[in-house]
Chemist: 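One structure, pasted below without further comment.
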Amino acid sequence: MRMMIAEAEAALRRILDGPAGRPDAKSLIDAMIDWYLAERVDDAVDLDHDGDMLLFQWGIFGRLGDRTFQYDITRQFISAGADDDDDEGIWQLSVTMHFPVTAETEDLGKGLRWCHRPPDAGAFSDFIEAVEATRFARRSKPERTEIEFGPAG
């Protein structure tokens with residue numbers, strides 16, 4: 001299947017908004033990877049130039065008083081019309097689960113991993129499975145889950 005960058009958020013919402021409501025950590029990661037493998041974007045630079053990638057990240061982020069432990073998967077697109085030195089052509093579609101900051105979440109630290117191309121998705125998935133933050137996110141209920149789409153930065 002094919003889509004345009006501007007259609008990505010609607011496509012993801014259709015995938016995630018099933019009869020069971022918001023997905024848990026496992027189904028969220030699985031859905032994002034499956035979607036990445038199944039659907040390309042027409043108006044992004046090619047895969048060899050990182051035009052369509054996945055980013056998995058976790059850690060404590062936010063402003064003082066509004067800090068949460070975040071478990072996130074993002075699909076990043078680089079618009080084919082973007083200037084090489086211009087970040088305005090980089091778009092990110094993120095799904096973030098927010099958990100309270102506790103001693104346990106502080107011990108999880110922070111980290112990230114990129115998946116640059118579909119053939120790398122298996123190793124990317126294996127990495128996510130091995131991270132302690134994934135075990136935490138699977139057994140814990142998030143305070144909220146947010147979907148955000150817009151320019152990077």
Chemist: Considering all heavy atoms of both residues, which atom of F124 and which atom of R113 are nearest to each other, and what is their separation?
Modeler: CE1-O, 3.3 Å
Chemist: Out of curiosity, does L37 fall in the hydrophobic cluster containing L93 (side-chain heavy atoms, cut-off under 4.5 Å, transitive links)?
Modeler: yes
Chemist: So which atom in W35 and which in A8 form the shortest heavy-atom distance, rounded to 0.1 Å?
Modeler: CH2-O, 3.6 Å
Chemist: Side chain of T74, backbone of Q76: donor and acceptor closer than 3.5 Å?
Modeler: no
Chemist: Which pairs pass salt bridge (charged side-chain N to carboxylate O under 4.0 Å, His left out) with one or both residues in residues 44-59, sequence neighbours excluded?
Modeler: R40-D52, D48-R117, D52-R75
Chemist: Going only through I, L, V, M, F, W and Y residues with side-chain contacts under 4.5 Å, is there a path from Y36 to M3?
Modeler: yes
Chemist: Anything under 30° is parallel, anything over 60° is perpendicular, the rest tilted; go ahead and classify F56 against F127.
Modeler: perpendicular
Chemist: Looking at every non-hydrogen atom in both residues, tell me the closest pair between D43 and I5 and how far apart they are.
Modeler: OD1-N, 2.8 Å
Chemist: For the hydrophobic clusters of this structure (ILVMFWY residues joined by side-chain heavy atoms under 4.5 Å, transitively), does one cluster hold both L47 and V41?
Modeler: yes
Chemist: In Å and rounded to the nearest 0.5 Å, what is the CD to CD distance from Q92 to E148?
Modeler: 10.0 Å
Chemist: Side chains of M32 and I15: closer than 4.5 Å at any heavy-atom pair?
Modeler: no
Chemist: Please find the pair of heavy atoms, one from D120 and one from C115, that lie closest to each other, and give the distance.
Modeler: C-SG, 3.8 Å
Chemist: The criterion is side chain to side chain donor-acceptor pair (under 3.5 Å); which residues satisfy it with K26, sequence neighbours excluded?
Modeler: D30
Chemist: Do the side chains of R67 and I60 get nearer than 4.5 Å, heavy atoms only?
Modeler: yes
Chemist: How would you list, by chain and number, every residue that makes a side chain to side chain donor-acceptor pair (under 3.5 Å) with E106, sequence neighbours excluded?
Modeler: none
Chemist: Let me know which of I73, T134, L54 forms a side chain to side chain contact (heavy atoms under 4.5 Å, CB included) with I29.
Modeler: I73
Chemist: Would you please indicate if the ring centroids of F136 and Y71 are separated by under 6.0 Å?
Modeler: no
Chemist: Determine yes or no for a side-chain-to-main-chain donor-acceptor pair under 3.5 angstrom, with S27 supplying the side chain and D24 the backbone.
Modeler: yes
Chemist: Work out which heavy atom in P100 is nearest to a heavy atom in F69; give both atom names and the distance.
Modeler: O-CB, 4.2 Å
Chemist: I'd like to check P151 versus W91 (side-chain heavy atoms, cut-off strictly below 4.5 Å). Are they in contact?
Modeler: yes
Chemist: Residues in side chain to side chain donor-acceptor pair (under 3.5 Å) with R138, at least two apart?
Modeler: E129
Chemist: Which residues pass the salt bridge (Lys or Arg N to Asp or Glu O under 4.0 Å) test with D66, sequence neighbours left out?
Modeler: none
Chemist: Checking R63 now: which residues fulfil side chain to side chain donor-acceptor pair (under 3.5 Å) with it, not counting sequence neighbours?
Modeler: none
Chemist: Identify the two heavy atoms, one from P142 and one from M97, that lie closest to each other, and give their separation to 0.1 Å.
Modeler: CB-CB, 4.1 Å
Chemist: What about L28 and L55, same hydrophobic cluster or not, with Ile/Leu/Val/Met/Phe/Trp/Tyr joined at side-chain heavy-atom distances under 4.5 Å?
Modeler: no
Chemist: Applying the 4.5 Å side-chain criterion to the ILVMFWY set and letting contacts propagate, would M53 and W58 be lumped into a single cluster?
Modeler: no
Chemist: Calculate, to the nearest 0.5 Å, the distance between atoms NE2 and CD belonging to H98 and E143 respectively.
Modeler: 9.0 Å
Chemist: At what distance, to the nearest 0.5 angstrom, does CE of M4 lie from CZ of F77?
Modeler: 11.5 Å
